[in-house]
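Heads up, the thing below is written out as structure tokens.
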Amino acid sequence: MCEPYSKEKTIEMRKKHIGPSCKVFFSKDPIKIVCAKGQYMFDERGERYLDCINNVAHVGHSHPEVTKAAVRQMELLNTNSRFLHDNLVQYAESLTATFPEKLSVCYFVNSGSEANDLALRLARQYSGHYDVITLDHAYHGHVTSLIDISPYKFQQLGKEAKKEYVHVAPSPDTYRGKYREDHPDPGAAYADDVNEIIKEAHKNNRKIAAFIAESMQSCGGQIIPPPGYFQKVAEYVHKAGGVFIADEVQVGFGRVGKHFWSFQLQGEDFVPDIVTMGKPIGNGHPLSCVVTTREIAEAFGATGLEYFNTFGGNPVSCAIGLAVLDVIKKEDLQGNAINVGNYLVELLQEQKEKHQMIGDIRGVGLFVGVDLVKDRLLRTPATAEAQHIIYKLKEKRILLSADGPHRNVLKFKPPMCFTKEDAKMVVDAIDELLTGKFIQKANKPDIQIHNTIPLTLRSLILFIVEITDTGSPSATSFE
């Protein structure tokens, strides 16, 4: 495929003109992608990669119906939402139809970060409070207000980085967390921890504006909250005068299959006060939204301060949003998420029986995590091994990522057109790597790690070797 620059020239120019904190994946040998279609991406040589991680291209890369909708509207008009236009109200009506009735008011913005930042403003204005409860390992966006409530980010800056108005609750992880699968009611136990945080805040004369959580934690390691957790948390937060914000930026729009929104996994008796969305909403086009109740929206408007967003809700973005909703329905992508997701989990469970390194498999629909461990009893994270797997998969033209607090969870969140054949291809490749005892790499004869060295030290040595060989493991995270 003809490109203006060679890959080497592109790397050179990126280093010259792009900020050094903007990392690339697979830093030792980054991939130059020039086009994509469905669940496949192609590099400058025409090599095809299976995309297992791109939850942004939700209905498939370069979907023709989405592209046509964008072009048609762009040829007619693109302007701001201060002018009347049917696309805005039609999209708002179609989007809110997917929610419980009380979630009926939209604010359209341009990114998940913008949506979450606006959600905090809504919560603070409505409650009259300021403090926020967030989950450990959570990530909610890159703007300052969201870095402050994202332990996944601010914990990298040291203990002093946590602001006094931010309160961190334990991640409701029933595999590696405080309350595990053998607990009689982990949902209630984790919610009680949130209640204790509220009580402690009140002792210090602080008031809670909001509890915010991803409906399923992604960067936190594909964590699915236990039943009843959100209901109890909402009860405690409402009693304290705050609101519940469900962050669906990574996991919404039918990814879980059986429901359109991941928070609905908790049951019909749970409805958040504010829902934020982004990434998949525009299939790669910069579009996002905050949906809330009429009561919260009116409290926000009561300040007299106009809310205006130059590009939020423009006719082209709304046309694209409508097309995405239409494709999800017409192609039954929720049904596909159920069928292919169940098949993927079945294949992975077979591998768990075969390979001791697979400690846990958790997921719903096309949102699946594989927790790799060195020891199933101790559940020691297999960080270096996870990093090695994703680099070896890249060599096989399969793109997968690893994340979680220990970077040891293989993350599946592919485009929703992912097939059973794709699932089998990836799992077969993982099986081949695990069967090959890949950690004792034949191409590194100078590295001799004897069994007499303690397991933790051996792992550290291998991790250092892997970083040296492949570049920073953090560059494999897809936020």
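Residue numbers run from 1 in the order of the sequence given.
Under a 3.5 Å cut-off, the side chain of Gln125 and the backbone N or O of Thr303 do not form any donor-acceptor pair. Listed for the Glu214 side chain is no donor-acceptor partner under 3.5 Å among the backbone atoms of Val251. No donor-acceptor pair under 3.5 Å is formed between the side chain of Thr134 and the backbone N or O of Ser150. Although no hydrogens or angles enter the test, the distance criterion places no donor-acceptor pair under 3.5 Å between the side chain of Asp431 and the main chain of Val427. Judged purely by atom type and a 3.5 angstrom limit, Gln73 has no side-chain atom pairing as donor or acceptor with the backbone of Val316. Formation of a donor-acceptor pair under 3.5 Å by the Ser317 side chain with backbone atoms of Gly313 is not found in this model. Within the 3.5 Å criterion, the main-chain N or O of Val364 finds no donor-acceptor partner in the side chain of Arg255. Side-chain atoms of Gln351 never come within 3.5 Å of backbone atoms of Ile358 as a donor-acceptor pair (strictly under, hydrogens ignored). Side-chain N or O atoms of Gln39 include none that pairs as donor or acceptor with a backbone N or O of Leu50 at under 3.5 Å. Of the possible polar contacts, none joining the Asp332 side chain to the Ile328 backbone as a donor-acceptor pair under 3.5 Å is found.
A donor and an acceptor atom, one from each side chain of Asn116 and Thr276, are located under 3.5 Å apart. For Tyr152 and Asp403, the side-chain atoms include at least one donor-acceptor pair closer than 3.5 Å. Side-chain contact, Glu114 with Asn309: a donor N or O sits under 3.5 Å from an acceptor N or O.
Between Phe108 and Tyr91, the ring centre distance stays below 6.0 Å. Taking the six-membered ring where the residue is Trp, the centroids of Tyr391 and Phe26 are separated by under 6.0 Å. The six-membered or imidazole ring of Phe244 lies near that of Phe230, with a centre-to-centre distance under 6.0 Å. No close placement of the Tyr40 and Tyr49 rings is indicated, their centers lying 6.0 Å or farther apart.
Counting heavy-atom neighbours within 6.0 Å of Leu84 CG, excluding the residue itself, gives a total of 12 or less. For Gln349, the CD atom counts as densely surrounded, since its 6.0 Å shell holds more than 12 non-hydrogen atoms of other residues, nucleotides or ligands. Annotation: Glu181, atom CD; neighbour count of heavy atoms from other residues, nucleotides and ligands within 6.0 Å is above 12. The environment of Lys329 atom NZ is sparse: at most 12 non-hydrogen atoms of other residues, nucleotides or ligands sit within 6.0 angstrom. Within 6.0 Å of NZ on Lys258 lie no more than 12 heavy atoms contributed by other residues, nucleotides or ligands. Heavy-atom contacts from other residues, nucleotides or ligands closer than 6.0 Å to CG of Asp269 number more than 12. Summarising the local packing, NZ of Lys207 is surrounded by 12 or fewer heavy atoms from other residues, nucleotides or ligands at distances under 6.0 Å. Atom OH of Tyr343 sits in a crowded spot, with more than 12 heavy atoms from other residues, nucleotides or ligands closer than 6.0 Å.
By the 4.0 Å N-to-carboxylate-O rule, Lys424 lies too far from Glu421 to be salt-bridged with it. Note on Arg180 versus Asp182: no salt bridge recorded, every NZ/NE/NH1/NH2 to OD/OE distance being 4.0 Å or above.
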Item to complete: Let me see the working for Leu135 and Gln217 under side chain to side chain contact (heavy atoms under 4.5 Å, CB included), right down to the final yes or no.
Response: CA-CA 9 Å; Leu135 294 179; Gln217 280 191 289; 3.9 Å; yes
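Residues Ala209 and Arg124 come closest through the heavy atom pair CB-CG, 3.9 Å. Residues Gln222 and Arg362 approach most closely at O-NE, 3.1 Å, considering heavy atoms. In plain terms, the two heavy atoms of Leu146 and Ser113 that are nearest each other are CD1-O, 3.0 Å.
Ring geometry for Tyr190 versus Tyr179: interplanar angle over 60°, hence perpendicular rather than tilted (30 to 60°).
Scored by the side-chain hydrogen bond (donor to acceptor under 3.5 Å, both in side chains) test, His140 finds Asp247 as partners (sequence neighbours excluded).
To the nearest 0.5 Å, atom CG of residue Asp51 and atom CD1 of residue Ile398 are 11.5 Å apart.
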